[in-house]
Engineer: 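What follows is a structure written as structure tokens; I'll ask about it next.
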Amino acid sequence: MIERVEILGVHVDAVTMSQAVERVAQLIAAGKPSLVATANAEMLLRATHDDELKTILNAAKLVVPDGAGTVWAARHLGKFMPERVAGADLVLELMKLAPAKSWKFFMFGAAPGIADKAKLKAETLCPGIKIVGTRNGYFTAVDESDIIAQIKNSRADVLLAALGVPKQEKWLAAHLHELNVPVSIGVGGTFDVMAGVVKRAPLWMQRARLEWLFRAMLQPSRAGRLLALPKFVLKVHRQKING
Ligand code: UDP
């Protein structure tokens, strides 16, 4: 039985990477449209003032602890949280298993051309993988029915949506049943990383839990987002004190 830890009103699953992969495999086998979210500190903080996002996350079938902030928060609250399950790593683990399990992926999101580059990368890393469709993440309301039809007709088992937080979660929640894909995951900037447009932090920095610092250094436009971290720390501390 996997524990759920409440962090700022959102339930996060206390899973290891292998438990997360197993859970996704079960959801694919079950076949009912399910949402999987990767909760980092920024997302959890946003959910404190975005009720729609909070409701969506609490209805998700799996919420993995993405990022050092989420793991820290759970432990600070005195709860068990085995390890960090980064969205980009979860995608990679699922892709590695995909050829053997015959799972089909659809990659939706990021700037034009990026999902196609990420697809090529996935095909190199995981020979035999079936990526049954790609679509960039820049669209207007008039394009939506075409996008939904494209995804639905692809008969994918896993939809990776890289539209950023909270757009991807809201879009997926709104169309989950129409799309009829067993597992939909919001994966943020993962396609940019896979396509080589944005670099992942070196391993030593990931291990030192400094990936956030690396991303801020590389994309200074993101640096403002770091302000979320002290706010997150304060709110979690308040939750601890107030119970
Ligand atoms: N994006 C998109 N459509 C949009 C806005 C953003 O496809 O309307 C993409 C953007 O190109 C990038 C990803 O969403 O690939 C968001 O990446 P980011 O690292 O900002 O993700 P987050 O931190 O929000 O998880």
Engineer: With rounding to the nearest 0.5 angstrom, report the NE2 to CG distance, H49 to L8.
Structural biologist: 10.5 Å
Engineer: With side chains defined as the heavy atoms from C-beta onward, is the minimum distance between E211 and R84 less than 4.5 Å?
Structural biologist: yes
Engineer: Is there a side-chain contact between Q150 and F108, using heavy atoms and a 4.5 Å cut-off?
Structural biologist: no
Engineer: Output the distance between atom CG (L77) and atom CD (Q239), rounded to the nearest 0.5 Å.
Structural biologist: 4.5 Å
Engineer: Could you check whether any side-chain N or O of R46 sits under 3.5 Å from a backbone N or O of A41, counting only pairs where one atom can act as donor and the other as acceptor?
Structural biologist: no
Engineer: Go through the steps to decide whether D157 and K130 satisfy the test salt bridge (charged side-chain N to carboxylate O under 4.0 Å, His left out), and finish with yes or no.
Structural biologist: CA-CA 10 Å; D157 299 293; K130 290 198 182 80; over 6 Å; no
Engineer: State plainly whether one hydrophobic cluster holds both L176 and I185, where clusters connect Ile, Leu, Val, Met, Phe, Trp and Tyr through side-chain heavy atoms under 4.5 angstrom apart.
Structural biologist: no
Engineer: How far does CE of M43 sit from CG of D50, to the nearest 0.5 angstrom?
Structural biologist: 10.5 Å
Engineer: Starting at CZ of F232, measure out to CD1 of I7 and round the result to the nearest 0.5 Å.
Structural biologist: 6.0 Å
Engineer: For the hydrophobic clusters of this structure (ILVMFWY residues joined by side-chain heavy atoms under 4.5 Å, transitively), does one cluster hold both L94 and V183?
Structural biologist: yes
Engineer: Might you confirm whether atom CD of E6 has over 12 heavy atoms from other residues, nucleotides or ligands at distances under 6.0 Å?
Structural biologist: yes
Engineer: Quick one: do V5 and L62 end up in the same hydrophobic cluster if we chain Ile, Leu, Val, Met, Phe, Trp and Tyr together by side-chain heavy atoms under 4.5 Å apart?
Structural biologist: no
Engineer: Give me the ring orientation class for W171 and H175: parallel if the planes are under 30° apart, tilted from 30 to 60°, perpendicular past 60°.
Structural biologist: tilted
Engineer: Is the shortest side-chain heavy-atom distance between L160 and T190 below 4.5 Å?
Structural biologist: no
Engineer: Give the minimum heavy-atom separation between A74 and M81, together with the two atoms involved.
Structural biologist: CB-CB, 3.6 Å
Engineer: Quick check against the 3.5 Å criterion: does T70 have a side-chain atom that pairs as donor or acceptor with the backbone of A39?
Structural biologist: yes
Engineer: N136 versus F191: any side-chain heavy-atom pair under 4.5 Å?
Structural biologist: no
Engineer: Any donor-acceptor pair under 3.5 Å linking the side chain of K240 with the backbone of H76?
Structural biologist: yes
Engineer: Please test L125 against M95 for side chain to side chain contact (heavy atoms under 4.5 Å, CB included), starting from the C-alpha separation and ending with a verdict.
Structural biologist: CA-CA 9 Å; L125 287 175; M95 285 183 158; over 6 Å; no
Engineer: Which pair of heavy atoms, one from A110 and one from D192, lies closest together, and at what distance?
Structural biologist: CB-OD1, 4.0 Å
Engineer: Judged by atom type as modelled, is there a donor-acceptor pair below 3.5 Å linking the side chain of E83 to the main-chain atoms of T16?
Structural biologist: no
Engineer: Begin from the C-alpha positions of D143 and T140 and carry the test side chain to side chain contact (heavy atoms under 4.5 Å, CB included) through to its verdict.
Structural biologist: CA-CA 6 Å; D143 306 314; T140 59; 3.4 Å; yes
Engineer: Any idea which heavy atoms bring P65 and D13 closest together, and the distance?
Structural biologist: CD-O, 3.5 Å
Engineer: With side chains defined as the heavy atoms from C-beta onward, is the minimum distance between R23 and V15 less than 4.5 Å?
Structural biologist: no
Engineer: For a quick test of reading the model, state the closest non-hydrogen atom pair linking V85 to A20 and the distance between them.
Structural biologist: CG1-CB, 4.2 Å
Engineer: Should K119 and F105 be marked as a side chain to side chain contact (heavy atoms under 4.5 Å, CB included) after you check the CA-CA gap, both sets of side-chain angles, and the distance that decides it?
Structural biologist: CA-CA 9 Å; K119 173 180 187 273; F105 287 75; over 6 Å; no
Engineer: Once you round to the nearest 0.5 Å, how far does CD1 of I129 lie from CG of L97?
Structural biologist: 10.0 Å
Engineer: Could you tell me if the side chain of M107 sits less than 4.5 Å from the side chain of I131, heavy atoms only?
Structural biologist: yes
Engineer: Evaluate side chain to side chain contact (heavy atoms under 4.5 Å, CB included) for D89 paired with R200, printing each intermediate quantity in order.
Structural biologist: CA-CA 11 Å; D89 294 335; R200 201 75 202 271; 2.9 Å; yes
Engineer: To the closest 0.5 Å, what do you measure between CD (E144) and CD (E178)?
Structural biologist: 9.0 Å
Engineer: When hydrophobic residues are tied together by side-chain contacts of less than 4.5 Å, even through go-betweens, does M205 share a cluster with V193?
Structural biologist: no
Engineer: Might you confirm whether atom CZ of R4 has over 12 heavy atoms from other residues, nucleotides or ligands at distances under 6.0 Å?
Structural biologist: yes
Engineer: Hey, are the side chains of V165 and N40 touching, using non-hydrogen atoms and a 4.5 Å cut-off?
Structural biologist: no
Engineer: Any donor-acceptor pair under 3.5 Å linking the side chain of N58 with the backbone of G9?
Structural biologist: yes
Engineer: Treating W103 as the side-chain partner and A100 as the backbone partner, does any N or O pair qualify as donor plus acceptor under 3.5 Å?
Structural biologist: no
Engineer: Take atom CZ in R155; do more than 12 heavy atoms of anything else shown fall under 6.0 Å from it?
Structural biologist: no
Engineer: For residues I56 and V187: do they belong to one hydrophobic cluster (side chain heavy atoms under 4.5 Å, members Ile, Leu, Val, Met, Phe, Trp, Tyr)?
Structural biologist: no
Engineer: Please indicate whether K170 has more than 12 foreign heavy atoms, meaning atoms of other residues, nucleotides or ligands, lying under 6.0 Å from its NZ.
Structural biologist: yes
Engineer: Is atom NZ of K101 surrounded by more than 12 heavy atoms (other residues, nucleotides or ligands) closer than 6.0 Å?
Structural biologist: no
Engineer: Looking at every non-hydrogen atom in both residues, tell me the closest pair between K121 and M194 and how far apart they are.
Structural biologist: CG-O, 3.4 Å
Engineer: Are L90 and V21 close enough that some pair of their side-chain heavy atoms sits under 4.5 Å apart?
Structural biologist: yes
Engineer: Taking all heavy atoms of A161 and all of Q168, pick out the closest pair and write down the distance.
Structural biologist: O-OE1, 3.2 Å
